[in-house]
J.: 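Structure below; questions to follow.
Values below: all heavy atoms of this structure, side chains included; hydrogens, waters and symmetry mates excluded. Remember, predicted model here, so these are calculated numbers, not experimental data.
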Amino acid sequence: MKYYTEEWQKRISDAPDNARALANEARTGYRAEQSKNPVPEEFERKLEFHDAQITSAVMDGDDLHLYFDHPGYNPFEHNHIVYKNARIKTKEHELEGCYFIYYEIYRHFLGYEMHMLLWYHEKNRGADYADFTVICEDIVTDTVPKEKKKKKSKKK
């Protein structure tokens with residue numbers, strides 16, 4: 001991750017009056033870098049899960065599945081990402097319970113490289129950010145029905 005990093009997020013937290021300028025700076029840098037070998041905009045928009053919580057991370061063979069509590073800002077309302085033939089490059093924290101904050105995606109000779117900035121809160125350590133990077137052949141998003149909670153029957 002080159003632009004939406006833990007250090008960048010801390011700069012925003014330390015200087016909230018400069019947040020807009022720092023966000024524009026990161027966005028401009030990322031777009032310039034990504035434009036060298038662009039990912040289709042429609043495809044990239046499907047990956048916008050900003051503020052969605054990862055409820056489950058499951059390896060199924062070589063595929064990594066991430067399930068979210070809600071779609072975040074995803075315009076397609078998908079709550080599931082599958083990284084096909086995934087190779088985890090960086091994992092600073094367990095994924096379950098983390099919030100998906102920002103991401104960058106780049107073309108890679110194997111397919112794609114996706115960097116994510118995650119936010120988490122731990123009872124004893126407090127809140128912090130973590131980086132997660134996955135390299136994969138393809139990325140698929142879809143909507144998985146949520147399991148309905150069973151109502152408890154009242155005993156008489």
Side-chain angles (χ1 to χ4, degrees), residues 1-59 63-123 125-144:
M1 187 176 302
K2 300 177 182 181
Y3 302 99
Y4 300 108
T5 63
E6 292 177 64
E7 293 77 24
W8 170 80
Q9 183 63 46
K10 288 176 183 175
R11 286 175 53 205
I12 286 179
S13 297
D14 291 344
D17 293 341
N18 294 332
R20 186 177 306 268
L22 291 168
N24 287 337
E25 177 184 306
R27 188 177 309 107
T28 300
Y30 168 59
R31 289 289 174 214
E33 183 73 26
Q34 208 262 0
S35 70
K36 294 175 185 175
N37 198 355
V39 173
E41 186 177 325
E42 186 72 12
F43 175 77
E44 189 175 2
R45 283 188 341 142
K46 291 181 180 182
L47 304 174
E48 183 55 68
F49 287 86
H50 185 75
D51 285 349
Q53 185 178 28
I54 300 170
T55 57
S56 180
V58 178
M59 283 300 294
D63 297 343
L64 172 62
H65 295 255
L66 297 184
Y67 299 89
F68 296 89
D69 64 340
H70 63 81
Y73 289 114
N74 188 306
F76 301 96
E77 298 192 8
H78 298 308
N79 62 359
H80 178 223
I81 297 178
V82 182
Y83 298 96
K84 299 287 190 172
N85 200 13
R87 295 162 181 85
I88 296 172
K89 184 176 176 182
T90 306
K91 183 179 176 186
E92 295 181 346
H93 193 275
E94 289 304 314
L95 301 176
E96 291 179 10
C98 286
Y99 288 84
F100 186 107
I101 305 298
Y102 291 103
Y103 75 97
E104 298 173 25
I105 185 165
Y106 300 99
R107 295 269 189 183
H108 188 279
F109 71 92
L110 295 174
Y112 298 99
E113 183 169 334
M114 187 166 171
H115 303 258
M116 289 156 267
L117 179 62
L118 307 174
W119 180 87
Y120 64 92
H121 188 275
E122 290 185 351
K123 188 175 183 179
R125 292 181 46 209
D128 206 353
Y129 292 92
D131 289 321
F132 177 70
T133 303
V134 63
I135 298 169
C136 59
E137 288 180 3
D138 196 11
I139 303 172
V140 178
T141 58
D142 65 0
T143 304
V144 175

J.: Residues two or more places apart in sequence or in another chain: which of them pass side-chain hydrogen bond (donor to acceptor under 3.5 Å, both in side chains) with T143?
T.: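 Testing T143 for side-chain hydrogen bond (donor to acceptor under 3.5 Å, both in side chains), a comparison that skips the adjacent residues, returns H78.
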
J.: Please enumerate all residues that pass salt bridge (charged side-chain N to carboxylate O under 4.0 Å, His left out) together with E44, with sequence neighbours excluded.
T.: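 Counting only residues at least two positions away or on another chain, E44 forms a salt bridge (charged side-chain N to carboxylate O under 4.0 Å, His left out) with R31.
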
J.: Provide the closest heavy-atom pair for L47 versus F100 in the form atom of the first, atom of the second, distance.
T.: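 Closest heavy-atom pair between L47 and F100: O-CZ, 3.6 Å.
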
J.: Check salt bridge (charged side-chain N to carboxylate O under 4.0 Å, His left out) between R107 and all other residues, then give those that pass, not counting sequence neighbours.
T.: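 Per chain and number, R107 pairs via salt bridge (charged side-chain N to carboxylate O under 4.0 Å, His left out) with no residue.
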
J.: Could you pull out all residues at least two apart from E122 that satisfy salt bridge (charged side-chain N to carboxylate O under 4.0 Å, His left out)?
T.: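 Salt bridge (charged side-chain N to carboxylate O under 4.0 Å, His left out) check on E122 returns R125.
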
J.: How about Q34 and E104: do any of their side-chain heavy atoms sit closer than 4.5 Å?
T.: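 A side-chain contact is absent here, since even the closest heavy-atom pair is not under 4.5 Å.
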
J.: Show the nearest heavy-atom pair for residues P38 and S35, with the distance to one decimal.
T.: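 Minimum heavy-atom separation between P38 and S35: CD-O, 3.4 Å.
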
J.: Could you list the residues that satisfy side-chain hydrogen bond (donor to acceptor under 3.5 Å, both in side chains) with H50, not counting sequence neighbours?
T.: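 Scan of H50 (side-chain hydrogen bond (donor to acceptor under 3.5 Å, both in side chains), adjacent residues dropped) gives none.
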
J.: Going by the rule side-chain hydrogen bond (donor to acceptor under 3.5 Å, both in side chains), which residues pair with D17 if we only count those two or more places apart in sequence or in a different chain?
T.: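 Scan of D17 (side-chain hydrogen bond (donor to acceptor under 3.5 Å, both in side chains), adjacent residues dropped) gives none.
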
J.: Is the closest side-chain heavy-atom distance between I88 and Y83 below 4.5 Å?
T.: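 I88 does not reach Y83 side chain to side chain.
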
J.: What distance separates N79 CG from F68 CZ, expressed to the nearest 0.5 Å?
T.: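 It is 9.0 Å, given to the nearest 0.5 Å.
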
J.: Drop me the distance from T90's OG1 to M116's CE, to the nearest 0.5 angstrom.
T.: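 Rounded to the nearest 0.5 Å, the OG1-CE separation comes to 10.0 Å.
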
J.: Going by the salt bridge (charged side-chain N to carboxylate O under 4.0 Å, His left out) test, which pairs reach into residues 72-88, not counting sequence neighbours?
T.: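 Checked against salt bridge (charged side-chain N to carboxylate O under 4.0 Å, His left out) - neighbours excluded - the pairs reaching residues 72-88 are D63-K84.
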
J.: Once rounded to the nearest 0.5 Å, what's the spacing between atom CH2 of W119 and atom CG of D128?
T.: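 Nearest 0.5 Å value for the CH2-CG distance: 10.0 Å.
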
J.: Looking at CG of L66 and OG1 of T55, how far apart are the two atoms once the value is rounded to the nearest 0.5 Å?
T.: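 Here the rounded value is 9.0 Å.
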
J.: So which heavy atom on A130 is nearest to which on Y120, and how close?
T.: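 Where A130 meets Y120 most closely, the heavy atoms are CB-CE2, 3.8 Å.
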
J.: Flag the pair Y103 / E48 as yes when at least one side-chain heavy-atom distance between them is below 4.5 Å, and no otherwise.
T.: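 Yes. Closest side-chain heavy atoms under 4.5 Å.
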
J.: Got I101 and D51 here, is their nearest side-chain heavy-atom distance under 4.5 Å?
T.: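 Side-chain contact under 4.5 Å: yes.
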
J.: Would you list the pairs meeting ring-ring contact (aromatic ring centres under 6.0 Å, His included) in which at least one residue belongs to residues 16-48, sequence neighbours left out?
T.: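 Listed once each, the pairs are Y30-Y106, F43-Y112.
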
J.: Kindly determine whether F49 and I54 satisfy side chain to side chain contact (heavy atoms under 4.5 Å, CB included), including the steps that lead there.
T.: CA-CA 10 Å; F49 287 86; I54 300 170; over 6 Å; no

J.: Among all residues two or more places apart in sequence or in another chain, which pass the side-chain hydrogen bond (donor to acceptor under 3.5 Å, both in side chains) test with N18?
T.: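 For N18, no residue satisfies side-chain hydrogen bond (donor to acceptor under 3.5 Å, both in side chains) once neighbours in sequence are set aside.
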
J.: How long is the gap from CE on M114 to CG on L64, to the nearest 0.5 Å?
T.: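 Between atom CE of M114 and atom CG of L64 there are 10.5 Å.
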
J.: Are the side chains of I139 and I105 in touch, meaning some heavy atoms are under 4.5 Å apart?
T.: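 Sidechains of I105 and I139: in contact.
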
J.: Any side-chain heavy atom of T141 within less than 4.5 Å of one from F76?
T.: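 They are not in side-chain contact.
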
J.: What is the minimum heavy-atom distance between A52 and G72, and which atoms define it?
T.: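 Taking A52 first and G72 second, the nearest heavy atoms are CB-N, 3.8 Å.
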
J.: Among pairs that include at least one residue of residues 91-101, which meet salt bridge (charged side-chain N to carboxylate O under 4.0 Å, His left out), considering only residues two or more places apart or in two chains?
T.: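 For residues 91-101, and leaving out neighbouring residues, the salt bridge (charged side-chain N to carboxylate O under 4.0 Å, His left out) pairs sorted by first residue read K91-E94.
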
J.: My understanding is that only residues two or more places apart in sequence, or in another chain, count here; which of them pass salt bridge (charged side-chain N to carboxylate O under 4.0 Å, His left out) with E42?
T.: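 In terms of salt bridge (charged side-chain N to carboxylate O under 4.0 Å, His left out), with neighbours along the sequence ignored, E42 is linked to R45.
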
J.: Below 3.5 Å, can you tabulate the donor-acceptor pairs from side chains in residues 9-16 to any protein atom, sequence neighbours excluded?
T.:
| residue | atom | partner | partner atom | Å |
| --- | --- | --- | --- | --- |
| Q9 | NE2 | Y129 | OH | 3.4 |
| S13 | OG | Q9 | O | 3.2 |

J.: State, to 0.1 Å, how close L22 and W8 come at their nearest heavy-atom pair, and which atoms those are.
T.: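 Distance-wise, the nearest heavy atoms are O-NE1, 3.1 Å.
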
J.: Evaluate the criterion side chain to side chain contact (heavy atoms under 4.5 Å, CB included) for residue pair L117 and D131; output intermediate values, then yes/no.
T.: CA-CA 5 Å; L117 179 62; D131 289 321; 3.7 Å; yes

